[in-house]
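Just so it is clear, the structure is predicted and the values come from calculations on it, not from any experiment. As the structure lists them, so they are numbered: ligands from 1, and atoms in each ligand from 1.
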Amino acid sequence: MKPPRKLHIKSYGCQMNVYDAQRMVDTLAGEGFVETASADDADLVILNTCHIREKASEKVYSELGRLRVTKDEAARSGRQMSIAVAGCVAQAEGAEIIRRAPVVDIVVGPQSYHHLPQLLARAEREGRALETEFPVEDKFGFLAQPKPEAIRARGISSFVTVQEGCDKFCTFCVVPYTRGAEVSRPVSKIIDDVTRLADNGVREITLIGQNVNAYHGEGPDGRTWSLGDLLYRLARIPGIVRLRYSTSHPRDVDDTLIAAHRDLPEIMPFVHLPVQSGSDRILAAMNRRHTADEYRRVIDRFRAARQDIAFSSDFIVGFPGETEEDFAATLALVTQIGYAAAYSFKYSPRPGTPAADMQEMASAAEMDGRLERLQGLIDDQQSAFNRAAIGRTVDVLFERPARNPGQIVGRTAYLQPAHVMASSDIIGQILPVTIDSLERYSLLGRLASASEAAQAHSRIAAAQVTTGA
Ligand code: 5AD
Ligand code: SF4
């Protein structure tokens, strides 16, 4: 029997890359590959890249510089190492990658991962292989399913891609070009995936997609189902205790999604809803197709359905033409909404996007100043949100042993890490935890007594009743 070949895969960027990496591992397992934690002893190294901002893109080339040395060392000891570039940089730059970094053997775009075995064979035969087409067949039908042992090893929380690509064409964003047009997977396939995960111990599912609430998949009844319809169905799968979804566009929040938040305790009351800017002028230039007030109204609809809901968002500072007044509108929006968390980025012009041709870039100093002010405000809101948990009893889904011996770590509904001293038997369970303190971003607590738990649950029930659910 041939010894297994070793695969090292490094992902950058979004959650979908994390998910895609797992599917590549599953597909290559069929070719006799096992994962290794280090590039040094790998026979195949895959860089699963991100093109969203220039910094993310450039990381690939510095990593390839390091890998050239590793590959040379492997060759000196008589071992052949192959290097593949996957992900959105592969899609956007194609053959340019091999020109800039001849150490690369394979370039594969996100729609072609199911062809990896053939691409490997072609690279062995011909020295190089490149595929960045958008093939007609659905890659999901061809990517291998994870083995039960692989699901169990990955833990109790899992991503499932339900849609991919985006038709929104925000003027700053490369996604519609790198991930292509919006495509939704059929409901039955998603039910199969979630059922298999649940049967192997997964308790929490995060449905992912670049524009996840644009989901419009074919239902088993022949109708087109929305994300809300899908969530109602998935909540019925035995074993699934928590559902999340990411990333949403404010324009695609429909009444079924709001109703699902009201009706389904499985949907976590924590929604990532990027707004990018609080200025209508900049939102229009970004082609976001909504105003700041329309965004506020979407937030209000969620809050009316579920009083304990919290939000996170993405922001871009220094978009071309952004004035101090526009930026002040962003700060005002953040102050008004009050986020539990948010990510903010300096605008980065991306080749091929409409905004890359816009003039009037803010200076580097202006951008730095705005980013610092916005992040300061967001940090204050996040700290206040985290501190508010102290003294309360909250539900925690336990995930794994923590670094400190004897501690188990899990997450609250708001994705806050929470640590308790307990036996590892609690992994996979949702248990009430009384929070004693906050250490940076982590909550520290203890498993709640029966009376603390009862009080916490009657408070949650009361909150639901007052919203008129
Ligand atoms: N420059 C800076 N940030 C960007 N994002 C997307 N494109 C760019 C860009 N060109 C941010 C947006 C998006 C998040 C994933 O990345 O805020 O929501
Ligand atoms: Fe990019 Fe999101 Fe806009 Fe789509 S909706 S173009 S993924 S920022």
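Between the side chains of R350 and S57, at least one donor-acceptor pair of N or O atoms lies under 3.5 Å. Looking only at atom types and distance, the side chain of D229 has a donor-acceptor partner in the side chain of S226 under 3.5 Å away.
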I'd like the atom pairs linking ligand 1 to the protein - N or O on both sides, separation under 3.5 Å - with distances to 0.1 Å.
residue	atom	partner	partner atom	Å
ligand 1	1 (N)	S348	N	3.0
ligand 1	3 (N)	R53	NH1	3.4
ligand 1	5 (N)	R53	NH1	3.4
ligand 1	10 (N)	F172	O	3.0
ligand 1	10 (N)	S348	O	2.8
ligand 1	16 (O)	R53	NH1	2.9
ligand 1	17 (O)	Q276	OE1	2.6
ligand 1	18 (O)	Q276	NE2	2.9
ligand 1	18 (O)	D314	OD2	2.7

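For ligand 2, the protein residues placed under 4.0 Å by at least one non-hydrogen atom are C166, K168, F169, C170, F172, C173, V175, P176, H249, R288.
Geometrically, R53 engages F345 in a cation-pi contact defined by less than 6.0 Å to the ring centre and at most 45° from the axis.
To the nearest 0.5 angstrom, I208 atom CD1 is 7.0 Å from D20 atom CG.
Ion pairing of R242 with D395 is absent here, as no side-chain N (NZ or NE/NH1/NH2) approaches a carboxylate O to less than 4.0 Å. Between D221 and R233 there is no salt bridge, since no side-chain N of the basic residue sits under 4.0 Å from a carboxylate O of the acidic one.
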Solution key, residues 330-337 side-chain donor-acceptor pairs under 3.5 Å, sequence neighbours excluded:
residue	atom	partner	partner atom	Å
T330	OG1	G278	N	3.0
T335	OG1	L331	O	2.8
Q336	OE1	R296	NE	2.4
Q336	OE1	R296	NH2	3.4

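Residues forming a side chain to side chain donor-acceptor pair (under 3.5 Å) with K71 (at least two apart in sequence, or on another chain): D105.
Using the six-membered ring where Trp is involved, F319 and Y347 have ring planes that are perpendicular, over 60° apart on the 30 and 60° scheme.
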